[in-house]
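Worksheet for the structure shown next.
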Amino acid sequence: MDSINSFKGYEKVNEENRAFRRKFRKRYAIIGASVVVLLVIIIGAVVGTRVNSGGGGNSYQSPTSTSPSTSIKAVCGVTQYEDACVSSLSSVDSSEGDPEQLFKLSMKVAVDELTKISSIPQTLKARSNAKMVRDALGDCESLIEDAIDQLNSSMALLLPGSDDGKILSEKKINDLRTSLSAALTYQETCLDGLGDASTEIRNIMSSYIKNSTQFTSNSLAIATKIISILKELDISLHRKLLSAEY
């Protein structure tokens, strides 16, 4: 009887041992699988870091990082006076690759040009005794100042948080187009008002205002197509906080 009990006790211990080993093997398998998964994640992260940093001889450029020449080409490609756009933006800041900043720079170029010629109407008054011509030149002086104000207002609209907290929005783009259109109209009105002036004075004023009208026209064209430009270059649309398709 003792032998039988001993045998049963032995079998019971063996069964418990087998159950323990099965339980241990199951835990070991789970731990092993977890380690494998962890290694895969770590290796994937390392490889991704090497690719993004250009490791292994492969160069990679983030879609949010665009070369200045590519951005200038895309921005100026929508303008009527493309050569003037390219030359002016390239000379202002050859390191700028953000189309939005290039847009702002295009307006600054126009402002600088208008500021440079703002004293020309007053200078030309001394060349004429005709009241009509002098009045027209006086109007030109005021119109140029108004155009400068409109362009400065346009640049202010591109400051983050200037109205709705968004860098770009449909409302802001419409405001930009309105302001830029007004700036262009003021300059054209100046020249139209000199229609009855002497050919010499009209030609002189026209030559001075030519660059500023082209730069302003280019800025208006860029404002109209800025969303398309950003999409074409795949510029981090979520960063730009675009609120609507345009």
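One is the number of the first residue; the rest follow in order along the sequence.
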If hydrophobic residues (ILVMFWY) are linked whenever their side-chain heavy atoms come closer than 4.5 Å, directly or via other members, who joins Leu143 in its cluster?
Tyr186

side-chain contact (heavy atoms from CB on, under 4.5 Å) against Val86, all qualifying residues, sequence neighbours excluded
Ile72, Cys76, Glu82, Ser90

Which residues pass the salt bridge (charged side-chain N to carboxylate O under 4.0 Å, His left out) test with Asp135, not counting sequence neighbours?
Lys131

Between NZ on residue Lys125 and CD1 on residue Ile201, distance to nearest 0.5 Å
11.5 Å

Side chain to side chain donor-acceptor pair (under 3.5 Å) against Lys116, all qualifying residues, sequence neighbours excluded
Glu113

Could you tell me the separation between the OG atom of Ser88 and the CZ atom of Phe215, rounded to the nearest 0.5 Å?
4.5 Å

Could I get the full list of side-chain contact (heavy atoms from CB on, under 4.5 Å) partners for Arg202, not counting sequence neighbours?
Leu194, Thr199

Using the side-chain contact (heavy atoms from CB on, under 4.5 Å) criterion, which residues pair with Tyr81? Sequence neighbours excluded.
Ala84, Gln214, Ser217, Asn218

Quick one: are Phe103 and Leu158 in side-chain contact, heavy atoms under 4.5 Å?
yes

Run the side-chain donor-acceptor check on residues 145-154: report pairs under 3.5 Å with partners two or more places apart or on a different chain.
residue	atom	partner	partner atom	Å
Gln150	OE1	Ser179	OG	2.9
Asn152	ND2	Ile148	O	3.3
Ser153	OG	Asp149	O	2.9
Ser154	OG	Gln150	O	3.0
Ser154	OG	Ser179	OG	2.9

Rounded to the nearest 0.5 Å, what separation is found between the CD1 atom of Ile204 and the CG atom of Leu137?
10.0 Å

Mind checking side-chain contact (heavy atoms from CB on, under 4.5 Å) for Glu188 and listing every partner two or more places apart, or none if nothing turns up?
Leu184

What residues, two or more places apart in sequence or in another chain, satisfy salt bridge (charged side-chain N to carboxylate O under 4.0 Å, His left out) together with Glu200?
Arg127

Mind checking what makes salt bridge (charged side-chain N to carboxylate O under 4.0 Å, His left out) contact with Asp192, not counting sequence neighbours?
none

Working to the nearest 0.5 Å, report the span between CD of Gln122 and CZ of Arg134.
8.0 Å

Provide the full list of side-chain hydrogen bond (donor to acceptor under 3.5 Å, both in side chains) pairs with a residue in residues 203-212, sequence neighbours left out, each pair given once.
Gln187-Ser212

Do the side chains of Thr213 and Thr216 get nearer than 4.5 Å, heavy atoms only?
no

Could you give the distance from CG (Leu157) to CE (Met155), rounded to the nearest 0.5 Å?
10.5 Å

Non-hydrogen side-chain atoms of Val78 and Ile226 separated by less than 4.5 Å:
no

Distance, nearest 0.5 Å, that separates CG of Leu114 from CD1 of Ile209:
6.5 Å

I'd like to check Leu102 versus Asp98 (side-chain heavy atoms, cut-off strictly below 4.5 Å). Are they in contact?
no

Applied to residues 123-156, the disulfide bond (SG atoms under 2.5 Å apart) test, sequence neighbours excluded, yields Cys140-Cys190

